[in-house]
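Input: a single structure, listed below in structure tokens.
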Amino acid sequence: QFKLVESGGGLVQPGGSLRLSCEVYGLTMEYYAIAWLRQAPGKEREGVSSISSTGTITTYADSVKDRFTISRDNGKKTVWLQMNSLKPEDTGVYYCAAVSATIDLATMTRRHDYDHWGQGTLVTVSS
């Protein structure tokens, strides 16, 4: 059974850090690029970061560049999103999604743009 499971969300103060994990089950990791997307209450879903199937190419939304770092270990079937210097506007439900294609973060935000989705993990940045 194909499954992506996110973890690591929680409540953090502004300026703090969190590390999200996306564990992959039932997929051959090497075939899939992975994206992290987020959705804040009342807002459209947006792409945050992506990593190619081999991990050699990473992309970031301008809003998180230089604060977030995406990485993967295909042997451990896990993708991480290290989030530093968090801001209240980073609050939202964070999803990981897998697709056997190149990811364009700016345009690929809908469910049918990806082959598989996780259930999401909530990140709240608040004092």
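For reference, positions follow the sequence shown, starting with 1.
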Could you work out, with side-chain contact (heavy atoms from CB on, under 4.5 Å) as the rule, every residue matching [X], not counting sequence neighbours?
| X | value |
| --- | --- |
| T109 | L37 |
| E30 | T28, N74 |
| S126 | L11, T124 |
| S50 | A35, T59, I103, L105 |

[Y] backbone acceptor or donor facing [X] side chain under 3.5 Å:
| X | Y | answer |
| --- | --- | --- |
| Y114 | M108 | yes |
| E6 | G120 | yes |
| T91 | V125 | yes |

What is the distance from atom [atom1] of [X] to atom [atom2] of [Y], rounded to the nearest 0.5 Å?
| X | Y | atom1 | atom2 | value |
| --- | --- | --- | --- | --- |
| Q82 | S71 | CD | OG | 8.5 Å |
| C96 | I51 | SG | CD1 | 12.5 Å |
| E46 | Q39 | CD | CD | 9.5 Å |

Find out if a path of hydrophobic residues (ILVMFWY) with successive side-chain heavy-atom gaps under 4.5 Å connects V24 to V5. no
Could you see if V99 belongs to whatever hydrophobic cluster contains V48? Use Ile, Leu, Val, Met, Phe, Trp, Tyr and a side-chain cutoff under 4.5 Å. no
Tell me, which pairs form a salt bridge (charged side-chain N to carboxylate O under 4.0 Å, His left out) where one or both residues lie in [range], sequence neighbours left out?
| range | result |
| --- | --- |
| residues 75-89 | none |
| residues 64-74 | D62-K65, R67-D90 |
| residues 97-114 | R110-D113 |

Report yes if the side chains of M29 and V79 come closer than 4.5 Å at any heavy-atom pair, otherwise no. yes
Applying side-chain contact (heavy atoms from CB on, under 4.5 Å), run through L20 and V123 and close with a yes or a no. CA-CA 9 Å; L20 304 184; V123 171; 4.0 Å; yes
K43: what forms a side-chain hydrogen bond (donor to acceptor under 3.5 Å, both in side chains) with it, not counting sequence neighbours? none
For S17, enumerate each residue passing the side-chain hydrogen bond (donor to acceptor under 3.5 Å, both in side chains) test, keeping only those at least two apart in sequence or located in another chain. N84
Residue pairs meeting ring pair (Phe, Tyr, Trp, His ring centres under 6.0 Å), one or both in residues 8-60, sequence neighbours left out, come to Y32-H116
Who else is in the cluster with I57 when I, L, V, M, F, W and Y are joined by side-chain contacts under 4.5 Å? none
Could you work out the complete set of other residues in the hydrophobic cluster of W80, with links drawn between I, L, V, M, F, W and Y side chains under 4.5 Å apart? none
Looking at [X] and [Y], what are the two nearest heavy atoms and their distance?
| X | Y | result |
| --- | --- | --- |
| S127 | P14 | N-CD, 3.7 Å |
| L4 | Q119 | O-OE1, 3.5 Å |
| S21 | T78 | CB-CG2, 4.4 Å |
| L81 | S49 | CD1-CB, 4.0 Å |

Fit a plane to each ring of W117 and Y95, take the angle between them on a 0 to 90° scale, and name the class: parallel (under 30°), tilted (30 to 60°) or perpendicular (over 60°). perpendicular
Output, in order, the C-alpha distance, side-chain angles, deciding distance and verdict of side-chain contact (heavy atoms from CB on, under 4.5 Å) for V64 and R38. CA-CA 12 Å; V64 306; R38 67 187 180 190; 3.9 Å; yes
